[in-house]
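All remarks here apply to the structure that follows.
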Amino acid sequence: MSVSHFPGRDPLALVPEDCGRGHACQFCPEEAQCRLDKGQHEKKLIESRLAEIGQIIMVMANKGGVGKSTVSANVAAGLAAQGYRVGVADADIHGPNQSRFFGFVGERIRLSKKGLPPKAFEYDGLEHPVKVGSLGFMMEHDDTPIVWRDAYKHDFMHHLIGSFDWGPLDFLVIDMPPGTGNELITLADMLEGHDVAALLATTPQEVALMDSLKAVRFCQERGLPLIGVVENMAGVTCPHCSGHFHVFPRNHLAKALESADVNSVAQIPLSPALSSGSDTGAPIVVTDPEGPEALAFAPAIAACEAQGRASFAEAAKHSLEGLTQAGLDSEELQQALNSVPPEEREELRKQLESLRVLS
């Protein structure tokens with residue numbers, strides 16, 4: 001379901017020579033003596049990666065410790081379980097935890113001409129492995145602190161998208177750091193014009209809610225579509241009587257989300273099984289797909305899938321409308337329609353018929 005949004009290059013335009021390497025210049029052993037246009041290379045690299053990625057989902061939380069990485073890992077694994085090609089980009093520089101969530105603690109990657117290879121998480125039932133890219137794969141030790149000023153963070157956000165060899169993806173889930181600072185601004189600028197939406201993770205405590213509403217405000221002011229809010233730690237099931245109760249009252253959360261015109265798409269319980277699944281390196285949505293935790297994540301996964309389908313259908317519609325404006329006949333349009341995934345084809349056919357471009 002990947003769609004390129006980049007216009008075709010003018011064949012008569014002068015194009016700077018490029019080295020063809022799939023990584024940023026900072027990684028290149030020939031950088032010192034290279035005389036090619038480095039800025040053009042970096043831009044082309046990011047554009048080529050994004051051209052093969054369909055829906056991008058930024059999992060945000062303005063406050064740390066609310067389960068953003070847990071949500072990112074399980075949503076990504078849940079989408080992969082639906083047959084999609086999924087990647088997870090770990091943008092949390094100071095706490096890159098996705099290596100742990102997918103069982104890659106202590107593993108490292110080596111640079112190739114194609115770029116930085118993501119780790120591939122495989123599990124029974126997944127048609128495609130989940131590709132995981134993280135700063136954790138490039139650190140000498142897992143407990144090494146990252147002490148960077150904003151310029152280095154800015155560069156790494158570009159490396160995360162451009163230097164990792166993501167390949168074709170239907171979804172790229174980005175595990176964002178807490179806050180609305182440099183990393184978020186850099187990625188929002190870089191991804192502008194692409195199919196990007198936010199999924200917000202929060203807990204019901206008032207102090208977390210106060211910070212979460214700041215992230216909502218950021219999305220609204222930026223014009224970033226907000227899929228909804230995932231409420232983490234939303235209740236506990238008693239192991240003795242199986243009764244369900246809330247540790248944190250959520251009435252104020254429900255009222256705040258309603259007043260902000262934001263939907264709550266999932267409520268994830270406090271669960272020892274969810275915690276142990278994170279520590280053992282396999283998201284619970286694939287290890288126990290019928291368990292209560294996986295069922296709790298299901299609406300959030302469905303909401304992300306719906307966002308991706310809607311974005312793809314809209315992009316495909318514009319592409320086909322462009323074909324009609326180019327004066328192509330209905331046979332060529334039918335060939336273009338046949339290239340659309342079957343699950344989207346009937347809806348597009350109806351839209352085209354309403355436009356009276358198919359006989």
Side-chain angles (χ1 to χ4, degrees), residues 53-82 84-105 118-121 123 126 129-137 157 160-161 164 166 169-179 183-184 187-188 191 196-203 208 212 215 219 224 226-233 265-266 268 271 274-275 277-287 293-294 296-305 307-308:
I53 297 174
Q55 181 67 51
I56 300 172
I57 299 171
M58 301 172 70
V59 180
M60 297 170 51
N62 204 50
K63 187 173 185 60
V66 297
K68 167 181 50 60
S69 295
T70 299
V71 172
S72 299
N74 281 279
V75 165
L79 289 168
Q82 300 298 318
Y84 294 107
R85 299 165 297 177
V86 182
V88 178
D90 194 347
D92 194 345
I93 292 173
H94 297 288
N97 294 319
Q98 290 303 325
S99 59
R100 177 172 296 277
F101 279 80
F102 287 95
F104 298 121
V105 173
K119 290 291 182 180
F121 171 79
Y123 202 84
L126 295 186
V130 179
K131 296 182 178 180
V132 183
S134 174
L135 180 61
F137 300 143
M157 291 302 105
L160 186 64
I161 302 299
F164 273 94
W166 296 109
L169 294 177
D170 300 313
F171 290 91
L172 177 64
V173 178
I174 305 181
D175 183 4
M176 296 298 300
E183 297 94 324
L184 176 59
L187 277 170
L191 301 174
V196 187
L199 185 67
L200 185 63
T202 188
T203 55
S212 298
C219 293
L224 180 65
L226 182 56
I227 297 172
V229 170
V230 175
E231 302 176 38
N232 196 25
M233 307 181 194
V265 295
I268 313 302
S271 165
L274 184 58
S275 176
S278 301
D279 291 338
T280 56
I284 200 166
V285 296
V286 293
T287 60
E293 296 82 9
F297 271 111
I301 295 166
C304 292
E305 183 181 15
Q307 178 70 32

Among Val59, Val196, Ile57, Leu187, side chain to side chain contact (heavy atoms under 4.5 Å, CB included) partner for Ile174: Leu187
Derivation of the side chain to side chain contact (heavy atoms under 4.5 Å, CB included) call for Leu274 and Phe297: CA-CA 11 Å; Leu274 184 58; Phe297 271 111; 4.0 Å; yes
Polar contact flag, side-chain donor to acceptor under 3.5 angstrom, Ser271-Glu293: yes
For the student: nearest non-hydrogen atoms of [X] and [Y], plus distance:
| X | Y | result |
| --- | --- | --- |
| Gly308 | Gln55 | CA-OE1, 3.7 Å |
| Ala91 | Pro177 | O-CD, 3.4 Å |
| Phe104 | Val132 | CE1-CG2, 4.1 Å |
| Leu226 | Ala198 | CD1-O, 3.4 Å |
| Lys131 | Trp166 | NZ-O, 2.7 Å |
| Ile227 | Ala303 | CG2-CB, 3.7 Å |

Start with the C-alpha distance between Val86 and Asp170, add both sets of side-chain angles, then the distance that settles side chain to side chain contact (heavy atoms under 4.5 Å, CB included), and finish with yes or no. CA-CA 6 Å; Val86 182; Asp170 300 313; 5.9 Å; no
Let me confirm one number: the [atom1]-[atom2] distance from [X] to [Y], rounded to the nearest 0.5 Å.
| X | Y | atom1 | atom2 | answer |
| --- | --- | --- | --- | --- |
| Phe171 | Ile301 | CZ | CD1 | 11.0 Å |
| Leu79 | Cys304 | CG | SG | 6.0 Å |
| Ile53 | Leu191 | CD1 | CG | 8.5 Å |
| Cys219 | Met58 | SG | CE | 8.0 Å |
| Asn62 | Leu200 | CG | CG | 8.5 Å |
| His94 | Glu183 | NE2 | CD | 6.0 Å |

Should [X] and [Y] count as side-chain neighbours, where that means a heavy-atom distance under 4.5 Å?
| X | Y | value |
| --- | --- | --- |
| Asp90 | Phe137 | no |
| Pro283 | Thr70 | no |
| Val71 | Val66 | no |

Could you go through Phe121 and Leu126, starting from their C-alpha distance and side-chain angles, then the distance that decides it, and tell me whether this counts as side chain to side chain contact (heavy atoms under 4.5 Å, CB included)? CA-CA 9 Å; Phe121 171 79; Leu126 295 186; 4.0 Å; yes
Between the side chain of Asp175 and the main-chain N/O of Ala73, is any donor-acceptor distance below 3.5 Å? no
Check whether Lys68 reaches the backbone of Met176 with its side chain - one donor and one acceptor, N or O, closer than 3.5 Å. yes
Could you give me the CA-CA distance, side-chain angles and deciding distance for Asn74 and Ile284, then say whether side chain to side chain contact (heavy atoms under 4.5 Å, CB included) is met? CA-CA 7 Å; Asn74 281 279; Ile284 200 166; 3.5 Å; yes
